[in-house]
Enquirer: 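Quick one: this structure, given as structure tokens, is what I'll be asking you about.
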Amino acid sequence: MLTQAIKYKIGTLSNGNRRIYIPHTEALNDANFSSETRYRVDLKGKELILTPSTDGPNKVFATSRGENVIELSNKQITAFLGQNSEYITATLKKNLIRISLHYQEQRQITREQHFKANLGRLTLTNGSLYAGPGILSLSMHDGMKQAGIKPVMKFANEIDPLAARINAQYNPIWKSSHPSALFLQDSIESCDLSLLPTGIDHLDIGQVCTPYSNMTPKAIRDINHKKSGCLFLSTVNAIAKINPATITLECTTLFKDSVAYKSITHALQIYGYQFQCTELKGTDFGDFEHRNRFCLFAYSNGLSDLFPCIETVHQHRRNNEQTIADIKEPLSDDHHSWKSYEHVKRRDEMDNLGYKNILIKDTDNKIPAIVGGYASPKAGAPFLPNPSNKDKQRLLTVLEHCRIRKLPQAMTDAIVSLGSGSLSGQSRTNVSAAHRLLGVSVSPTPWHVLSYVLFSHALAKFSKQDSLFIAA
């Protein structure tokens with residue numbers, strides 16, 4: 001006979017018992033489960049096995065319309081199904097029916113059990129997609145640590161060789177990595193997805209923002225972007241493979257109006273997640289940059305009672321206590337970095353253009369966002385004025401940029417060495433690459449705070465539930 005695997009919704013009776021109901025006459029007849037057939041039910045692993053048996057305690061019955069039906073409902077069935085599951089899969093073969101929780105139900109249970117078991121041990125496994133140099137991951141790690149949770153890095157993916165190198169070799173998140181940790185330097189669109197691990201409690205995603213940036217022409221935004229417009233499909237595939245319990249996705253703010261956003265959130269709901277969204281601005285949380293980013297936080301359905309409203313993160317806003325003077329390098333007034341930048345200054349005379357020449361002072365604690373192309377100076381980027389020559393100005397140095405990103409010393413040293421050409425394996429300076437790695441990364445403190453707020457709340461709620469369970 002043709003094997004049939006059929007999805008059925010689980011019912012609940014008035015006495016609280018869960019019910020399996022299979023009203024599929026033709027398939028039942030083909031499997032030799034016709035009307036009045038007696039059968040037995042055995043629990044084997046994660047399956048119920050139904051087999052015809054002349055002395056079996058159960059019987060296929062016929063409805064008043066002559067349809068054959070299998071119905072199972074008792075305390076044992078309820079224990080097998082659990083109280084929150086919605087669907088089963090029944091696989092019908094000749095003289096055999098195998099019943100299991102639906103694939104997505106099993107995946108949801110697996111990730112939630114893994115998350116809770118690890119949270120009870122005050123540790124969470126972490127992964128990162130489109131990781132870059134890992135500044136988002138580092139910020140989330142620091143927030144977990146502040147919450148009293150040990151983050152254990154298990155996976156990261158990044159296609160850019162320089163970003164991958166800085167991340168894998170110099171980012172301190174790998175000091176406490178999992179024994180089977182993997183850094184995959186490859187395109188997530190064409191790599192072997194079987195390499196992606198499971199058992200990850202939190203996945204951060206630095207969704208490539210070029211297709212949704214306001215600097216990208218409208219005609220080629222979103223799915224119309226030739227290079228990255230369909231990258232969200234790989235994001236969905238990676239989430240499906242990794243099956244994380246929680247997810248943080250960051251991108252430019254226009255992402256929330258995209259086809260990609262609608263597609264990813266649709267997939268999340270199908271996979272059994274709930275999600276919340278907000279926007280996080282660097283200067284709101286004590287950083288220098290006016291860098292506003294879209295944030296999505298998703299969590300498996302069964303974990304929804306552990307996490308607060310994401311907007312509570314905004315209760316932790318504060319001012320930047322540093323000024324530009326605190327992060328400046330002591331460069332002489334005749335240093336070669338000081339230039340006239342006439343093409344930038346000319347924008348001040350073009351009233352129809354929004355971007356102007358922006359000079360920042362030593363006393364400033366807020367500056368415009370430093371973008372990936374910062375090394376190719378344009379109007380709208382922050383410049384420092386020469387103290388003794390009003391016609392000269394300069395860009396922030398790579399070291400100053402690292403300080404603005406609040407990087408640890410090892411990462412700072414590596415990126416500064418990249419800029420100066422002294423990083424091992426280099427033969428020339430690469431200031432552009434150094435600024436690009438930093439400029440496409442997040443402003444760190446909002447994500448640190450977000451991680452702390454979400455996971456400290458989860459730990460407190462879980463600890464309270466656990467103590468109530470033990471007391472009971």
Side-chain angles (χ1 to χ4, degrees), residues 1-13 15-63 67-118 193-194 196-201 237 239-245 267 269-273 300-303:
M1 66 168 285
L2 175 67
T3 298
Q4 296 192 56
I6 306 171
K7 178 181 177 181
Y8 293 105
K9 188 170 180 61
I10 301 168
T12 303
L13 301 180
N15 63 3
N17 281 343
R18 310 303 306 279
R19 182 182 76 153
I20 295 172
Y21 191 78
I22 303 176
H24 209 131
T25 300
E26 295 85 354
L28 289 172
N29 285 340
D30 289 345
N32 285 340
F33 283 80
S34 56
S35 178
E36 301 299 318
T37 298
R38 304 200 74 84
Y39 62 94
R40 58 180 294 148
V41 180
D42 297 296
L43 176 60
K44 293 185 179 180
K46 297 181 179 181
E47 290 185 320
L48 295 176
I49 307 298
L50 282 58
T51 51
S53 175
T54 55
D55 57 351
N58 305 284
K59 183 174 70 172
V60 180
F61 69 90
T63 67
E67 297 174 343
N68 295 344
V69 171
I70 283 180
E71 181 176 15
L72 297 170
S73 181
N74 54 41
K75 291 182 179 179
Q76 290 72 32
I77 296 297
T78 300
F80 170 75
L81 297 173
Q83 289 295 337
N84 298 316
S85 300
E86 294 186 62
Y87 296 98
I88 60 161
T89 297
T91 303
L92 293 85
K93 300 182 178 182
K94 202 75 168 179
N95 297 319
L96 177 67
I97 299 176
R98 311 172 79 99
I99 297 174
S100 62
L101 290 177
H102 188 265
Y103 174 71
Q104 292 297 346
E105 304 273 0
Q106 293 187 47
R107 286 165 52 80
Q108 180 178 329
I109 290 170
T110 297
R111 66 187 180 232
E112 290 170 3
Q113 288 179 342
H114 191 275
F115 181 89
K116 290 181 178 180
N118 273 348
L193 289 181
S194 69
L196 274 58
T198 56
I200 287 180
D201 299 312
N237 290 337
I239 292 171
K241 173 60 175 67
I242 294 170
N243 195 32
Q269 291 171 316
I270 296 298
Y271 295 163
Y273 294 91
S300 192
N301 284 339
L303 303 177

Enquirer: How long is the span from the CD atom in Glu86 to the CD atom in Glu105, to the nearest 0.5 Å?
Expert: 6.0 Å
Enquirer: Could you walk me through whether Thr37 and Asn32 pass the side chain to side chain contact (heavy atoms under 4.5 Å, CB included) check?
Expert: CA-CA 8 Å; Thr37 298; Asn32 285 340; over 6 Å; no
Enquirer: Sub-3.5 Å donor-acceptor pair from the side chain of Thr25 to the main-chain atoms of Asn68, do we have one?
Expert: yes
Enquirer: Is the side chain of Arg40 donor-acceptor paired with the backbone N or O of Pro57 at a distance under 3.5 Å, no angle test?
Expert: no
Enquirer: Under 6.0 Å from the CG atom of Asn84, do we count more than 12 heavy atoms belonging to anything else shown?
Expert: no
Enquirer: Within a 6.0 Å radius of atom NZ on Lys75, are there more than 12 heavy atoms belonging to other residues, nucleotides or ligands?
Expert: no
Enquirer: Taking the side chain as C-beta and beyond, is there a heavy-atom pair between Ile97 and Leu28 under 4.5 Å?
Expert: yes
Enquirer: Under a 3.5 Å distance rule, please check whether Gln4 uses its side chain to pair with a backbone N or O of Leu92 as donor and acceptor.
Expert: no
Enquirer: So, Arg18 side chain and Ile77 main chain: donor-acceptor pair closer than 3.5 Å or not?
Expert: no
Enquirer: To the nearest 0.5 Å, how far apart are CG in Asn243 and OH in Tyr273?
Expert: 4.5 Å
Enquirer: Where is the tightest heavy-atom contact between Ala90 and Tyr8, given as atom of each residue plus distance?
Expert: CB-CE1, 3.8 Å
Enquirer: How long is the span from the OG1 atom in Thr198 to the CD1 atom in Ile200, to the nearest 0.5 Å?
Expert: 8.0 Å
Enquirer: Kindly compute the distance separating CD1 (Ile242) from CG (Asn237), expressed to the nearest 0.5 Å.
Expert: 11.0 Å
Enquirer: Passes side chain to side chain contact (heavy atoms under 4.5 Å, CB included), His102 versus Ile88? Steps please.
Expert: CA-CA 4 Å; His102 188 265; Ile88 60 161; 5.9 Å; no
Enquirer: Could you tell me whether Arg111 sits above the aromatic face of Tyr271, with NZ or CZ closer than 6.0 angstrom to the six-membered ring centre and within 45 degrees of the axis?
Expert: no
Enquirer: How many angstroms lie between atom OG1 of Thr91 and atom CG of Leu96, to the nearest 0.5 angstrom?
Expert: 8.5 Å
Enquirer: Does some side-chain heavy atom of Tyr103 sit less than 4.5 Å from a side-chain heavy atom of Thr89?
Expert: no
Enquirer: With a 4.5 Å cut-off on side-chain heavy atoms, are Arg19 and Leu81 touching?
Expert: no
Enquirer: Please determine whether the number of non-hydrogen atoms from other residues, nucleotides or ligands lying under 6.0 Å from atom NZ of Lys46 exceeds 12.
Expert: no
Enquirer: Test Tyr39 against Ile70 for side chain to side chain contact (heavy atoms under 4.5 Å, CB included), laying out the working first.
Expert: CA-CA 10 Å; Tyr39 62 94; Ile70 283 180; 3.5 Å; yes
